[in-house]
Chemist: 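Have a look at this one before I ask anything.
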Amino acid sequence: MTKEKLLKNSRGEYNYQFNWVNEDGQVTGFNNVWATNKRDAVKLAKAMESPARDTEWGRMSGMYVDLKSMYKATAKQAAAMDRLGWMMTC
């Protein structure tokens with residue numbers, strides 16, 4: 001049994017995948033970032049967060065990074081997430 005290699009780009013960055021959760025802790029989606037280490041991946045993901053807020057149309061739920069779900073992806077895992085994302089948007 002061979003272990004699949006982690007996905008890495010030409011700049012030496014790994015593909016970190018993670019889930020988004022709302023303020024109730026329910027999973028609302030997923031995303032990924034490219035970073036050289038988990039600390040940088042968390043910083044990049046946190047910069048994409050959108051807090052809950054009130055709008056003229058009502059209360060908008062927030063999206064927060066679920067740090068427990070963050071992992072370095074293999075090529076197969078990344079392809080599966082891409083496929084899932086395409087199925088959800090088409």
Side-chain angles (χ1 to χ4, degrees):
M1 186 168 140
T2 61
K3 188 172 179 175
E4 193 175 349
K5 291 183 178 181
L6 295 173
L7 189 58
K8 197 172 185 181
N9 67 16
S10 62
R11 292 184 291 195
E13 299 171 323
Y14 293 99
N15 184 250
Y16 285 87
Q17 297 188 339
F18 60 92
N19 290 334
W20 291 113
V21 294
N22 64 13
E23 52 272 358
D24 297 325
Q26 296 175 325
V27 175
T28 58
F30 59 91
N31 207 338
N32 66 41
V33 293
W34 289 92
T36 53
N37 56 53
K38 189 169 183 177
R39 174 180 266 164
D40 291 341
V42 169
K43 285 180 187 177
L44 291 168
K46 288 275 189 189
M48 294 188 287
E49 285 184 334
S50 64
R53 62 190 183 280
D54 291 321
T55 66
E56 61 185 74
W57 304 285
R59 180 111 176 113
M60 297 287 292
S61 179
M63 286 191 345
Y64 305 95
V65 177
D66 181 7
L67 295 177
K68 291 180 271 178
S69 70
M70 188 176 276
Y71 64 94
K72 287 181 185 177
T74 63
K76 190 180 274 187
Q77 290 169 324
M81 286 302 244
D82 287 343
R83 215 171 15 262
L84 180 61
W86 277 106
M87 285 191 296
M88 291 173 59
T89 58
C90 293

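This one's a predicted model, so the numbers in the text were calculated from it and none came from an experiment.
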Chemist: Just so I know, are the side chains of W34 and R11 near enough to count as touching, which here means a heavy-atom distance under 4.5 Å?
Modeler: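 Sidechains of R11 and W34: no contact.
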Chemist: Determine whether more than 12 heavy atoms belonging to other residues, nucleotides or ligands lie under 6.0 Å from atom CZ of R39.
Modeler: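 Counting neighbours around CZ of R39, 12 or fewer heavy atoms of other residues, nucleotides or ligands fall under 6.0 Å, so no.
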Chemist: If we only count heavy atoms from C-beta on, is the V33 to M48 side-chain gap below 4.5 Å?
Modeler: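 In contact.
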Chemist: Where do A78 and A73 come nearest, in terms of heavy atoms and distance?
Modeler: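 Taking A78 first and A73 second, the nearest heavy atoms are N-CB, 4.3 Å.
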Chemist: Locate the shortest heavy-atom distance separating A41 from A35; write the atom from each residue and the value.
Modeler: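 Shortest heavy-atom separation between A41 and A35 comes out as N-CB, 3.5 Å.
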Chemist: I need the N9 CG to T36 OG1 distance, nearest 0.5 Å.
Modeler: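 One finds 10.0 Å between CG of N9 and OG1 of T36.
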Chemist: Count I, L, V, M, F, W, Y as connected when their side-chain heavy atoms are under 4.5 Å apart, and connections chain through other members. Are V27 and Y64 then in the same cluster?
Modeler: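 Yes: a chain of side-chain contacts under 4.5 Å links V27 to Y64.
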Chemist: Are V42 and L67 side-chain neighbours, meaning at least one heavy-atom pair lies under 4.5 Å?
Modeler: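 SC-SC contact between V42 and L67 confirmed.
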Chemist: Between N22 (side chain) and D24 (backbone), is there a donor-acceptor pair under 3.5 Å?
Modeler: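 Checking the backbone N and O of D24 against the side chain of N22, a donor-acceptor pair under 3.5 Å is found.
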Chemist: Of the non-hydrogen atoms in A52 and E23, which two are nearest, and what is the gap between them?
Modeler: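 So the minimum-distance heavy-atom pair works out to CB-OE1, 3.6 Å.
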Chemist: What is the minimum heavy-atom distance between Q77 and K72, and which atoms define it?
Modeler: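 What the structure gives for the nearest pair is OE1-O, 3.8 Å.
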Chemist: Between M81 and N32, is there a side-chain heavy-atom distance shorter than 4.5 Å?
Modeler: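 Counting from C-beta outward, N32 and M81 never come under 4.5 Å.
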Chemist: Taking only residues at least two apart or on different chains, which pairs with a member in residues 12-31 satisfy ring-ring contact (aromatic ring centres under 6.0 Å, His included)?
Modeler: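 For residues 12-31: F18-W20.
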Chemist: Quick check for you: to the nearest 0.5 Å, what is the distance between Q26 atom CD and T28 atom OG1?
Modeler: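 Nearest 0.5 Å value for the CD-OG1 distance: 9.0 Å.
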Chemist: Is there a side-chain contact between L7 and T74 (heavy atoms, below 4.5 Å)?
Modeler: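 The answer is no, as the side chains (C-beta and beyond) never meet within the 4.5 Å cut-off.
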Chemist: Check whether any side-chain heavy atom of K43 sits under 4.5 Å from a side-chain heavy atom of K46, and report yes or no.
Modeler: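 Not touching, per the 4.5 Å side-chain cut-off.
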Chemist: Is a side-chain N or O of E4 found less than 3.5 angstrom from the main chain of K76, in a donor-acceptor match?
Modeler: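 Pair found, side chain donor or acceptor close to backbone of K76.
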